[in-house]
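In what follows, residues are counted from 1 in the order of the sequence shown. All values derive from a computational prediction rather than experimental measurement.
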Amino acid sequence: MTARPTPAYRLGLLEGDGIGAEIVPATTRVVDAALAAAEAPGVDWLPLPLGRSAIDEHGTPIPESTLEALAGLDAWLLGPHDSAAYPEPHRSRLNPSGTIRTRFGLYANIRPAKAFEGAKAMVPGTDLVIVRENTEGFYADRNTHAGTGEFMPTPDVAIAHGIITRPAVERIAHTAFELARGRRKRLTIVHKANVLRLTTGLFRDVCREIAEQYPDVTVDDFHIDAMTVHLLRRAPEFDVIVTENMFGDILSDLTGELAGSLGIAPSINASDRQCMAQASHGSAPDIAGRDIANPIAMMLSAAMLLEWLGNRNDDDALRRAATLLESAIAAAVAAGTCTADMGGSTGTAAFADAVAEAIGDGDPA
């Protein structure tokens, strides 16, 4: 093997809260191993404050210095945060993840759900991707320039905005169709246009218009309530699912469990220029510090980030590293190495050991 290339990418590292202190270091370890095995340019990790520890040290869970540093990096890994446990006024404000997504316009939340061979799954054979529009829709904390999008004209009346715009739908639709083209060429639009006729009706109709530019992709659509039933009954038949913000959040939690566990549910949040890897699950404070957390979701999120960086920079070595990491995780699980949520007894650190070993046994060619 030739000497490893000089680090060419700078990645932010935000451990967050709870199990973040365990799954994020486990992830950086296997990412470094995959990069080395693929003879890819290494990365410089830049740790940055975020979460409860940042409140204690900086008076805010997401310091401005952290946001400024992220702007100068190639991409970053975000660990889970426990914003529900923050003291006021921080608990009532936009959480760190939402702040970062809004600040950098990370409009595409890509959340795969894929069952592992050799591991339990509620619906074996599940292999799909939720493409979630990330900047507007029915999440009031992300769809306004200022304020939260919620207000109370009287103590007994609460109102939330639900905003759908053509440019945002066009953008996420193109992302979803391009992804479908690289998979099984099937795309499903999820909406509630029988009731929310103007808002989700616009979402559905604009996606259908964009579909005309992708004649090689088969398109259908379902109401959100019907879609939950279809996923329970026949998840393996679905490929790429595109939907608005809140619907995508709900469906991706469902599909993560259908595939085996939220502990294996990865995601990236991306714009055309920047990308953040973030596991779909929370900080799990009840198991923090016990070395039993499942790091797969964080590891797969990092693999997605490597692929995104590789595609953006036309870097075959990064794409190879992403494939090596994904294959090593699958090999470890197939060998019976998994954490308790997947029916095993392996700890967080030991699972990282198994993945690193599988990477070493792999072929970077």
Colleague: Give a yes-or-no answer on whether the side chains of R101 and Q278 include a donor-acceptor pair shorter than 3.5 Å.
Modeller: yes
Colleague: H81 side chain to S97 main-chain N or O, any donor-acceptor pair under 3.5 Å?
Modeller: yes
Colleague: If you look only at pairs with a residue in residues 304-313, which of them pass as a side chain to side chain donor-acceptor pair (under 3.5 Å), with sequence neighbours excluded?
Modeller: N311-R319
Colleague: Indicate, with yes or no, if L13 and V30 share a hydrophobic cluster defined by side-chain heavy-atom contacts under 4.5 Å among Ile, Leu, Val, Met, Phe, Trp and Tyr.
Modeller: yes
Colleague: Are side-chain N/O atoms of S92 and E88 paired as donor and acceptor at under 3.5 Å?
Modeller: yes
Colleague: Just checking, is any N or O donor in the side chain of T200 or E244 under 3.5 Å from an acceptor N or O on the other one?
Modeller: no
Colleague: Return the set of residues passing salt bridge (Lys or Arg N to Asp or Glu O under 4.0 Å) with D225 (not counting sequence neighbours), or none when no residue passes.
Modeller: K192
Colleague: Could you tell me which residues satisfy side-chain contact (heavy atoms from CB on, under 4.5 Å) with D272, sequence neighbours excluded, listed by chain and number?
Modeller: Y107
Colleague: By salt bridge (Lys or Arg N to Asp or Glu O under 4.0 Å), which residues pair with R10, not counting sequence neighbours?
Modeller: none
Colleague: For R52, check side-chain contact (heavy atoms from CB on, under 4.5 Å) against everything at least two apart and list the hits.
Modeller: D17, I55, D56, Y86, P87
Colleague: Indicate every side-chain donor-acceptor pair of residues 287-304 with a distance under 3.5 Å to a residue at least two apart or in another chain.
Modeller:
unit_1, atom_1, unit_2, atom_2, d
R290, NH1, D286, O, 3.4
D291, OD1, T348, N, 3.2
D291, OD1, A349, N, 3.0
N294, OD1, I296, N, 2.9
N294, ND2, T339, OG1, 3.3
N294, ND2, D341, OD1, 3.4
N294, ND2, D341, OD2, 3.0
S301, OG, S267, N, 3.0
S301, OG, S267, O, 3.4
S301, OG, A297, O, 2.7

Colleague: Taking D239 for its side chain and R184 for its backbone only, find out whether a donor-acceptor pair lies under 3.5 Å.
Modeller: yes
Colleague: Return a table of donor-acceptor pairs under 3.5 angstrom between the side chains of residues 168-179 and protein atoms on other chains or two or more places apart.
Modeller:
unit_1, atom_1, unit_2, atom_2, d
H174, ND1, Y214, OH, 2.8
T175, OG1, R171, O, 3.2
E178, OE2, Y214, OH, 3.1

Colleague: Could you list the cluster mates of L73? Members are the ILVMFWY residues connected by side-chain heavy atoms closer than 4.5 Å, either directly or through other members.
Modeller: L14, L46, L48, L50, I62, L67, L70, W76, L78, I100, F104, L106, M276
Colleague: Answer yes when D216 and K185 have at least one side-chain N-carboxylate O distance shorter than 4.0 Å, and no when they do not.
Modeller: no
Colleague: Apart from F151 itself, what residues make up its hydrophobic cluster when side-chain heavy atoms of I, L, V, M, F, W and Y under 4.5 Å apart count as a link, directly or indirectly?
Modeller: V157, I159
Colleague: Would V190 and L258 show up in the same hydrophobic cluster when neighbours are defined by side-chain heavy atoms closer than 4.5 Å?
Modeller: yes
Colleague: Evaluate the criterion side chain to side chain contact (heavy atoms under 4.5 Å, CB included) for residue pair F203 and D205; output intermediate values, then yes/no.
Modeller: CA-CA 6 Å; F203 189 97; D205 294 346; over 6 Å; no
Colleague: My understanding is that only residues two or more places apart in sequence, or in another chain, count here; which of them pass salt bridge (Lys or Arg N to Asp or Glu O under 4.0 Å) with R204?
Modeller: none
Colleague: Checking E68 against T66: is there a side-chain donor and acceptor pair closer than 3.5 Å?
Modeller: no
Colleague: Do other residues, nucleotides or ligands put more than 12 heavy atoms under 6.0 Å from the CZ atom of R103?
Modeller: yes
Colleague: Do V129 and I210 land in one hydrophobic cluster if side-chain heavy atoms of ILVMFWY residues count as linked below 4.5 Å?
Modeller: yes
Colleague: Report the relative orientation of the aromatic rings in F238 and F222; use parallel for angles under 30°, tilted for 30 to 60°, perpendicular for over 60°.
Modeller: perpendicular
Colleague: A quick test of your reading: do over 12 heavy atoms of other residues, nucleotides or ligands sit less than 6.0 Å from CE of M122?
Modeller: no
Colleague: Rounded to the nearest 0.5 Å, how far does CD1 of I224 lie from NE2 of H191?
Modeller: 10.0 Å
Colleague: Please list, chain by chain and in numerical order, all residues satisfying salt bridge (Lys or Arg N to Asp or Glu O under 4.0 Å) with R273, sequence neighbours excluded.
Modeller: none
Colleague: Who else is in the cluster with L198 when I, L, V, M, F, W and Y are joined by side-chain contacts under 4.5 Å?
Modeller: none
